[in-house]
Structure formats: structure tokens, C-alpha cells
Amino acid sequence: MSFRVLHSEGKARLGVLSTAHGDVPTPAFMPVGTRGAVKGVGPHELEAAGASIMLANLYHLSLRPGIEVIEGVGGLHSFCGWPGPILTDSGGYQVFSLSDQRRIDAEGVTFRSHLDGSPVRLTPATVVDMQERMGVDVAMVLDECPPWPVDEEEASAALRRTTNWARLARESWREGPTELFGIVQGSFYPRLRESALEQTVALDFAGYAVGGISVGEERSLGRATVELVAPLLPADKPRYLMGVGTPADLVHGIRWGVDLFDCVMPARHARHGVLFTREGLLRIKNATFSTDERPIDARCSCPACVRLSRAFLRHLICSGEITGQVLATLHNLRFYLDFVADLRQALASGSFEDSAAEIARYYLEAEAKTD
RNA sequence: GGAGGAGUGGCCGAGUGGUCAAUGGCAGCAGACUGUAAAUCUGCCGGGAAUUCCCUACGGUGGUUCAAAUCCAUCCUCCUCCA
């Protein structure tokens with residue numbers, strides 16, 4: 001794997017992440033396919049939507065179908081039919097989201113499986129090992145992602161575990177097709193973040209993530225953390241802002257030097273009838289669209305926008321038709337991927353700030369109103 | 001013609017003398033969602049004034065009662081069975 005920065009504008013970077021399974025032009029948005037597929041979307045459709053890299057989740061895949069199954073059929077790429085780059089999350093987020101089902105200790109975390117209640121043990125080493133066995137391009141270290149609010153003492157304790165886990169993960173990593181990314185935690189305490197950054201970078205990972213954002217904090221805290229951490233990460237390594245975010249979040253992250261993003265938002269919002277357009281959010285279930293013959297977004301070329309009306313899509317979504325959810329997901333994914341592609345284009349032409357203001361106009365304005 | 005049973009808010013369906021503008025569910029309306037235990041969750045949902053107020057409402061009408069969706073009479077409609 002290699003990473004090259006092609007252009008930069010301020011702290012924003014245009015680059016390419018090259019992996020054994022293909023190149024990822026950055027900044028990039030990675031659709032989330034937790035169980036090996038973005039909900040409702042097959043690999044061919046994901047490719048058609050413009051995705052260059054997909055994210056999956058080790059914790060979920062290890063429970064079902066099991067790593068041995070994936071390994072036995074030649075790895076995650078062939079198993080899920082996605083030939084391009086794959087990044088897997090370690091289960092660190094599940095330490096956060098399944099908090100009532102787990103117990104954390106110095107050596108790792110024990111979950112009660114959300115599927116059947118049986119105990120599942122994840123340690124830094126086993127997590128790296130399983131991701132390597134799946135043959136993914138990028139593996140994430142196991143980390144602890146504390147919710148907000150959390151006091152500094154507790155956040156500090158969580159960070160100590162995460163840092164120790166990072167060292168153990170780094171030590172267990174074996175040179176091969178799978179690269180390992182470290183994660184900077186530290187909640188919203190600048191001192192902890194700075195310390196986390198220093199200690200994580202010292203372990204010399206292939207890339208670095210900013211984790212622990214969007215865990216219940218107010219927007220300004222998350223933004224400040226990105227502004228603090230992202231620019232200090234090694235310039236020659238890819239930077240990944242985990243779990244973020246809204247279109248405005250992406251603009252902000254890119255401005256501060258982030259290269260990779262992932263978020264369930266476009267997919268989940270789609271299933272719930274919230275569509276992204278170049279003119280802002282469109283809640284397709286609203287009665288006002290019941291006879292609206294226009295496409296979701298006149299400038300979008302996704303399968304839904306090319307030939308279907310808002311009225312019909314509304315009908316499908318309101319009826320609970322799986323097809324409506326699929327089409328809405330294809331649309332939102334296309335929107336996100338086009339959106340980031342437009343921002344890359346802006347970076348390439350050296351007009352990121354001006355262009356972003358136009359490209360993300362409605363999202364930036366909507367956000368400004370809620371500040 | 002006779003004997004039973006049933007009619008509740010847009011729909012289904014609880015309630016069977018006061019605490020009932022009436023449990024639930026569905027539909028409808030609106031909102032939330034950020035490394036996915038999410039096709040999930042939340043709020044509103046007779047009308048009007050818009051903090052404990054008024055009006056209309058449990059098939060129709062009349063009655064009993066301080067008080068009725070709940071009891072009585074009668075009428076209407078539907079279902080089942082017998083002729």
C-alpha cells in the first residue's frame with residue numbers, strides 16, 4: 001500500500017491511496033457495508049455509484065458467518081464480491097454502541113454476542129489476526145470509543161487502554177497485504193488528544209484515524225478536535241476521520257486535512273426516507289411530495305433520478321417497498337460519492353474553498369442556522 | 001316469520017355506570033438518526049379557545065340516574081341459525 005499527496009490547498013489534500021485491490025482517490029468517502037454489503041446494495045451497484053473503497057466490520061463478520069468461513073472461501077473480497085479496496089473496522093465502535101453487552105479490561109473486551117448472548121472475546125492481537133485472515137486492505141486497531149459526556153479521568157483511563165491495545169496490535173501485525181491503521185482517541189480533552197496523537201504516531205502505523213467523534217457531543221467539540229488532531233498527523237500517511245459525517249462535516253474534515261471518511265448516514269437516511277440533494281435534505285415521506293413529478297435531484301444521474309419521480313419514490317418508501325429503500329440508498333450513496341468527487345475536482349483545480357462553498361452551499365447554510 | 005349475536009373515533013379493536021375525548025394496533029402527519037443490534041426510534045393524531053376551558057362524540061331516538069359508550073325501551077343496519 002502506498003499513499004501520495006498530489007496537491008494541497010491550505011491543509012486540504014488531494015491524494016491517492018494505492019492498494020493491492022486498486023487505487024482510492026482521496027479525499028474519499030467509504031460506504032459502510034457492515035456485514036460485507038451496504039444494506040440493500042450489491043457490489044456491482046456500489047461500483048456503479050462511484051465507490052472506490054468499501055468498509056466492513058470485523059466484529060459483525062466474526063460473529064456471522066465467522067472468520068473461518070470467509071478465510072475458507074478465499075478472503076473477504078471474493079466472499080462479498082467487492083474486488084476493490086476494503087477497510088474493516090475492528091469492533092471498537094461496538095465497544096461503544098453495545099455498551100450494555102460488554103466488559104472492558106486491560107487485555108481486551110468481552111461482548112455478549114448481540115445475536116445469541118454468548119461471550120465473544122476481542123483482543124488487540126486477535127482483531128488484527130482476523131482482519132489479516134480476511135485479507136482486507138486496511139485493518140483498524142481495536143480501540144475504545146468512549147461516549148460523551150465522560151469526565152477527563154475516565155476518558156484518560158479509556159485512552160490508556162486504547163494506547164496499550166494499539167501497541168499490542170502493532171506488535172502482532174505481520175507484514176503482508178493487510179495494512180494497519182492506528183486510531184487517535186482522547187475524547188474531547190485536548191491534552192488527552194495530544195498525548196494520544198504522540199503515542200499513536202510513535203507506533204508507526206500505515207495510516208491514522210481520528211476516532212471518538214460523533215458520540216453525542218455538540219458539533220463544535222468534534223470540529224475542534226478534528227482541527228487539533230488532523231493537521232498534526234504525519235503528512236505522508238492517510239488520515240481517516242471515523243464515522244463522519246454530514247456533507248458539511250466532510251467539507252470541514254477535508255479543509256483540515258482528512259483523507260478518508262465513512263458514515264452510515266447516507267444509507268440509513270435513505271432507508272428512512274431522508275434524501276440528500278444539491279439543494280439540501282429532502283424528506284421524501286412528507287405529504288408535499290405525493291404528486292411531485294420531478295426527480296429527487298435534477299443534476300443526479302443515479303438510477304432513481306434518471307427515470308423516477310419523487311411521487312413514485314415517496315410511494316415506494318411510504319409503502320415499505322424494499323425497492324424504494326434500495327433506490328433511495330443508491331441515490332444517497334451517489335450523492336455522497338459525487339459530492340466528494342466534486343470536492344476532489346475543486347482541490348485539483350486549486351479552488352477548494354470557493355468551490356466547496358458552492359458545492360455544499362445548502363448544507364453549510366443549514367448548519368450555520370443551527371449554530 | 002322466529003331465535004340468537006353484533007353495531008365504539010379514517011380502519012381494526014378494548015372498555016361494559018363515574019378516575020372516558022375513550023387502552024392497543026394500523027393508517028395519517030411531523031421529527032430524530034454520524035467507525036449500522038436500526039426497513040429503527042420519538043412525538044402528534046375529534047374540533048375550538050390554546051396552563052387544570054368549551055363544544056361534538058361510542059348506530060338513531062327517548063328514558064332511568066347526581067352521573068351512561070356502559071342500564072331500560074324502541075327503531076334502524078349487519079351476521080349466524082331455524083322456518
Side-chain angles (χ1 to χ4, degrees), chain A residues 29-41 53-61 63-64 87-102 111-117 120 127 138-148 181 183-185 207-219 221-223 226 240-250 252-253 258 260-274 276 281 283-290 314 316-329 332 336 363 367 370:
Chain A
F29 177 76
M30 306 184 282
V32 181
T34 301
R35 302 200 273 241
V38 176
K39 295 184 195 306
V41 176
I53 175 171
M54 182 177 84
L55 183 143
N57 184 281
L58 168 73
Y59 166 76
H60 287 280
L61 291 172
L63 287 187
R64 193 167 55 190
L87 178 152
T88 43
D89 186 25
S90 60
Y93 186 75
Q94 282 62 44
V95 175
F96 158 72
S97 66
L98 301 174
S99 60
D100 54 336
Q101 306 281 328
R102 51 84 171 142
F111 290 98
R112 291 176 63 90
S113 160
H114 68 277
L115 297 178
D116 64 7
V120 187
V127 159
V138 178
M140 300 305 298
V141 298
L142 184 65
D143 66 334
E144 184 178 341
C145 185
W148 184 256
F181 279 22
I183 304 174
V184 175
Q185 286 287 350
Y208 297 90
V210 180
I213 305 293
S214 290
V215 291
E217 80 284 4
E218 55 189 287
R219 187 162 58 221
L221 279 178
R223 292 285 170 84
V226 170
Y240 165 28
L241 180 54
M242 304 184 82
V244 173
T246 65
D249 288 335
L250 300 195
H252 177 267
V258 174
L260 295 167
F261 301 86
D262 80 282
C263 192
V264 302
M265 189 176 281
R268 182 181 291 165
H269 272 189
R271 276 177 275 125
H272 296 168
V274 179
F276 290 89
L281 286 182
R283 290 173 223 282
I284 195 68
K285 289 193 281 191
N286 285 184
T288 178
F289 300 118
S290 61
R314 173 176 192 275
L316 292 178
I317 292 282
C318 287
S319 306
E321 269 293 338
I322 186 90
T323 304
Q325 298 184 15
V326 169
L327 289 166
T329 303
N332 276 358
Y336 260 68
Y363 296 94
E367 193 175 275
T370 62

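Numbers restart at 1 for each chain; the letters A, B, ... are given by sequence-line order, proteins then strands. If you're wondering where the values come from, they're calculated on a predicted model, not measured in any experiment.
For Phe261(A), the ring pair (Phe, Tyr, Trp, His ring centres under 6.0 Å) criterion is met by no residue, not counting sequence neighbours. For Phe96(A), the side-chain contact (heavy atoms from CB on, under 4.5 Å) test picks out Tyr93(A), Cys145(A), Pro147(A), Val215(A), with sequence neighbours left out. Looking at residues two or more places apart in sequence or on another chain, you find a side-chain hydrogen bond (donor to acceptor under 3.5 Å, both in side chains) between Thr88(A) and Gln131(A). The ring pair (Phe, Tyr, Trp, His ring centres under 6.0 Å) search around Tyr208(A) returns none, not counting sequence neighbours. Residues satisfying the side-chain contact (heavy atoms from CB on, under 4.5 Å) test with Ser113(A), not counting sequence neighbours, are Leu63(A), Leu115(A), Asp116(A), Ser118(A), Val120(A). Listed by chain and number, the residues in a side-chain hydrogen bond (donor to acceptor under 3.5 Å, both in side chains) with Asp143(A) are Gln185(A) (sequence neighbours excluded). Checked against side-chain hydrogen bond (donor to acceptor under 3.5 Å, both in side chains), Arg219(A) has the following partners two or more places apart in sequence or in another chain: Thr370(A), Asp371(A).
Of the C1' atoms belonging to U16(B) and U70(B), the separation is 5 Å, rounded to the nearest Å. Across the P atoms, G10(B) and G60(B) are found 13 Å apart, a figure rounded to whole Å. Going from the C1' atom of U52(B) to that of A68(B) covers 24 Å, rounded to whole Å. A distance of about 10 Å separates the P atoms of G18(B) and A69(B), rounded to the whole Å. Spacing of C1' atoms, G47(B) relative to G9(B), comes out at 13 Å, to the nearest Å. Spacing of P atoms, U64(B) relative to A73(B), comes out at 15 Å, to the nearest Å. For the P atoms, the distance linking G13(B) with C79(B) amounts to 15 Å, nearest Å. For the P atoms, the distance from A67(B) to A50(B) is 32 Å, rounded to whole Å.
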Output one line per pair: protein atom, nucleotide atom from nucleotides 43-46 of chain B, and distance, for all N/O pairs under 3.5 Å.
none

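In RNA chain B, stems built from 3 or more consecutive Watson-Crick or G-U wobble pairs, each with both distances under 3.5 Å, span B:1-7 with B:76-82, B:10-12 with B:24-26, B:28-32 with B:40-44, B:46-48 with B:53-55, B:59-63 with B:71-75.
Judged as a side-chain hydrogen bond (donor to acceptor under 3.5 Å, both in side chains), not a single pair has a partner in residues 29-39 of chain A (not counting sequence neighbours).
At least one donor-acceptor pair closer than 3.5 Å links the side chain of Asn57(A) to the backbone N or O of Tyr59(A).
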Identify every side-chain donor-acceptor pair in residues 262-273 of chain A under 3.5 Å, counting partners at least two apart or on other chains, and give the distances.
from, atom 1, to, atom 2, distance (Å)
Asp262(A), OD1, Tyr240(A), OH, 2.6
Asp262(A), OD1, Gly243(A), N, 2.8

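Residue Arg314(A) is classed as a sugar-phosphate contact, given heavy-atom separations below 4.0 Å to backbone atoms only.
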**Prompt:** Can you give one letter per nucleotide of nucleotides 32-37 of chain B, 5' to 3': B if a protein heavy atom sits under 4.0 Å from the base, S if only from the sugar-phosphate, - if neither?
**Reply:** BBBBBB

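Using a 30° and 60° split on the angle between ring planes, Phe276(A) and Tyr363(A) fall in the tilted class, from 30° to 60°.
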